[in-house]
Amino acid sequence: MSVVRIASVYASLLGTYGDGGNVAALVHRALLHDIHVEVIDVTPGLVLPRQADLYVLGGGEDTAQVAAANALRTDGGLTDAANRGAVVFAICAGYQLLGEHFPDATGKPAPGVGILDITTNRLPKRAVGELAAIPNEVNRELGLTQILTGYENHAGATHRGSGVEALATVRAGTGNGDGTEGSVSGRTIGTYLHGPCLARNPELADRLISWVVGRDLPTITEPEVEALRQERLKVVLG
Amino acid sequence: MARKTRNKLAIGAGRAFSAASRASKRGEGMVVGGRAMLKISPKLIDDLSGDRVWALVSSTNGKTSTTRLLATAAEQAGPVITQPTGANMTAGIVTALANGPHDGHAVLEVDEAYLPQIMPATRPKVLILGNLSRDQLDRMNEVAMIARKWRTVLDGHPETVVIANADDPIVAFAAERAKNVIWVGAGQVWTADSAVCPECGALLVRGSSPDDPSWSCPGCHRHRPETSWRLEYVDGRGTAIDAAGKRFDLSTLSLPGRFNAANATLALAAAVELGLDPIEAIARMSLVTAVSGRYAIATIGALTVRLLLAKNPAGWSELVDIMPPAPTPVIVTINSNAADGRDPSWLWDVPFERLRGRTVIATGDRRRDLAVRLLHAEVEHVTIEDPYLPDADLPGGARSLDAIDCAATYTAFHSLRTRADRELQARQGASK
Ligand SMILES: [Zn+2]
């Protein structure tokens with residue numbers, strides 16, 4: 001593996017909530033591990049690259065979410081990528097649109113891309129605030145050991161079908177709405193964690209990279225990140 | 001009770017409330033007083049407005065500065081009524097009208113969400129619409145929704161001349177059906193919140209270079225309107241150009257940056273529409289050095305700072321560009337109280353990479369979030385709880401600057417101003 005190719009998918013539509021930071025975090029972590037990366041900025045209207053190793057989708061507002069889901073279904077490249085085992089990592093609106101359907105601006109179900117067997121409808125009350133969740137042990141391949149931390153801001157209740165595991169169990173916040181947070185199926189991961197997620201959870205960033213390079217990565221801790229993690233976890237868990 | 005008597009009573013009560021608020025040092029009392037007035041006389045804004053409201057200004061960013069520029073320019077024609085503090089919702093507006101000079105004309109700043117209510121009550125001669133972008137994340141105001149409300153209210157006011165920024169597709173959508181529009185090419189630095197057409201949801205097509213402001217919608221065929229006025233900004237010098245091609249030099253402005261030149265261009269177009277002399281307008285606007293404490297030089301603890309305020313990612317992007325070049329150190333202060341936005345993940349939308357080559361002093365309640373952001377942006381930084389203490393461990397050069405730039409979120413900015421004022425009073429008290 002000479003270089004990890006990261007596709008940043010429709011950042012102008014999905015990624016208006018600081019989620020561009022997830023790509024920045026992947027680049028940053030890869031460099032720490034002496035792994036070369038190439039970022040492909042897929043602006044809306046461009047064909048999705050078929051050869052990328054890791055596809056990143058962020059959050060966005062309702063109208064942008066519908067536009068992105070429609071464009072991705074028409075393109076077909078993301079579905080192919082997931083089928084051939086590429087890593088797909090999606091946040092919030094990006095997470096919802098990977099499923100079968102999600103609510104549009106009026107609350108009606110809009111068709112998703114269908115990569116994850118999940119459906120999303122509206123929560124009775126919008127979930128806004130810090131989110132902390134313990135990684136699920138069932139996701140052995142993922143093998144996360146550190147509590148996940150981030151900020152959620154969404155109105156979606158996400159329901160998993162068979163074959164989709166939850167990413168984590170909620171300790172503080174709302175997540176999927178049923179006590180779980182996020183979804184994992186194969187190498188596709190969706191989560192409600194903003195933060196951005198991968199900057200606040202470098203273990204998860206490293207795991208995504210290690211999936212691509214096919215080897216475990218050594219633990220590297222950065223004091224700034226650790227200080228932020230401890231501060232946020234103390235705020236929500238006491 | 002007769003309406004006139006009721007209004008008199010309302011104004012008297014409002015002034016009493018404001019005075020009490022000032023006496024207890026809880027602020028300038030505009031909001032408290034205004035609320036009291038409106039409780040007694042709900043139609044007071046209509047009655048006080050008459051036909052003396054010259055201009056309203058609404059925009060996500062720059063409305064306070066644009067209002068101050070236009071209000072200052074308008075003084076060439078006599079006294080002007082305006083808010084001194086940017087209290088831009090109903091209570092602040094009614095207080096300004098009630099307490100302003102009787103023979104004055106009003107130039108008022110209006111919160112974006114309050115415009116649909118303030119416009120019918122004040123019936124302004126001109127309305128300036130600058131830009132619309134996401135404000136605090138968890139306030140959840142979809143910009144397209146506000147634009148739709150603006151559009152509806154403009155339908156009902158054919159008498160008002162709308163001065164609108166053609167470079168912001170959301171503003172253009174809001175203003176396009178108004179009977180009288182003067183389009184201004186004021187620029188749009190921040191395009192992230194207008195990726196899709198507010199009407200049909202299709203992806204907007206943008207000009208191919210940063211100098212090309214054009215935009216169009218492949219879905220409903222909307223496009224950037226032809227402009228009458230435009231801003232040209234080259235090497236830090238702004239020039240406003242009118243429909244006839246006449247050029248107005250804006251390099252005399254004291255307020256820094258391209259975005260203030262854009263604010264001045266909008267204000268100038270409005271001034272001309274109001275029958276004011278443009279040359280005198282620019283001369284007067286050039287005297288504005290600080291707006292509600294923004295850009296003001298203040299002493300805090302052991303440092304002299306230039307205070308800069310930004311309330312959202314668009315505003316932050318602008319501030320990053322007006323800071324002195326590297327290696328000059330700067331202070332960045334991030335809070336996450338309700339008025340700042342509880343979620344600081346917007347830090348990742350701001351191009352802090354442009355601060356590379358210097359050391360940033362990260363402070364505020366969320367300095368740790370900022371430190372992680374700066375780490376990823378490869379910007380040297382130190383995290384300090386209180387950089388104003390005489391023994392704070394600051395990077396080299398920070399103490400030898402005439403004034404160090406200090407950019408802050410809303411509540412951080414206000415607590416710094418309060419601290420500066422308090423320290424100033426203490427020094428003056430001591431020297432007496
Ligand atoms: Zn359209």
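These numbers were taken from a predicted model, which means no experiment stands behind them. By convention in this document, chain letters (A, B, ...) are assigned in the order of the sequence lines, proteins followed by strands, and residues within each chain are numbered from 1. Hydrogens, waters and symmetry mates are skipped; everything else that's a heavy atom, side chains included, is used.
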Participant: Just verifying a value: how many Å separate A/L193 CG and B/S345 OG, rounded to the nearest 0.5 Å?
Facilitator: 11.5 Å
Participant: Taking atom CG as the centre, does B/D386 end up with more than 12 heavy-atom neighbours from other residues, nucleotides or ligands that are less than 6.0 angstrom away?
Facilitator: yes
Participant: B/W348 and A/G18: which non-hydrogen atoms are nearest, and at how many Å?
Facilitator: CB-O, 3.3 Å
Participant: Please identify, among A/G20, A/A105, A/G195, the residue contributing the most non-hydrogen atom pairs under 4.5 Å to chain B.
Facilitator: A/G195
Participant: Is chain B contacted by the side chain of A/A25, its backbone, both, or neither, given a heavy-atom distance below 4.5 Å?
Facilitator: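 Both backbone and side chain.
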Participant: After noting the C-alpha distance and the side-chain angles of B/D343 and A/E130, does the key distance pass the side-chain contact (heavy atoms from CB on, under 4.5 Å) rule?
Facilitator: CA-CA 8 Å; B/D343 173 12; A/E130 290 282 340; over 6 Å; no
Participant: Distance check, rounded to the nearest 0.5 Å: B/H376 atom NE2 versus A/R29 atom CZ?
Facilitator: 7.5 Å
Participant: Can you tell me how far apart CZ (B/R367) and CG (A/L228) are? Round to the nearest 0.5 Å.
Facilitator: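 Result: 11.5 Å between the selected atoms.
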Participant: Would you mind telling me which of A/H28, A/R200, A/E222 has the largest number of heavy-atom pairs within less than 4.5 Å of chain B?
Facilitator: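 The candidate making the most pairs under 4.5 Å is A/H28.
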Participant: Under 4.5 Å heavy-atom distance to chain A, tell me which part of B/L203 shows up: side chain, backbone, both or neither.
Facilitator: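 Answer is side chain: those atoms of B/L203 sit under 4.5 Å from chain A.
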Participant: Is the number of heavy atoms from other residues, nucleotides or ligands under 6.0 Å of A/R171 CZ greater than 12?
Facilitator: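 Result for CZ/A/R171: open.
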Participant: Examine whether an atom of A/N70 lies under 4.5 Å from a heavy atom of chain B, and if so say whether it belongs to the side chain, the backbone or both; otherwise answer neither.
Facilitator: neither
Participant: Give, as side chain, backbone, both or neither, the part of A/A227 having an atom under 4.5 angstrom from any heavy atom of chain B.
Facilitator: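 Both the backbone and the side chain of A/A227 come within 4.5 Å of chain B.
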Participant: Surrounding NE2 of B/H223 (heavy atoms of other residues, nucleotides or ligands, distance under 6.0 Å), is the total greater than 12?
Facilitator: no
Participant: Once you round to the nearest 0.5 Å, how far does CG of B/D369 lie from CD of A/E224?
Facilitator: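 So the gap between those two atoms works out to 12.0 Å.
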Participant: Against chain A, work out which of B/E378, B/H381, B/R366 has the most heavy-atom pairs shorter than 4.5 Å and name it.
Facilitator: B/R366
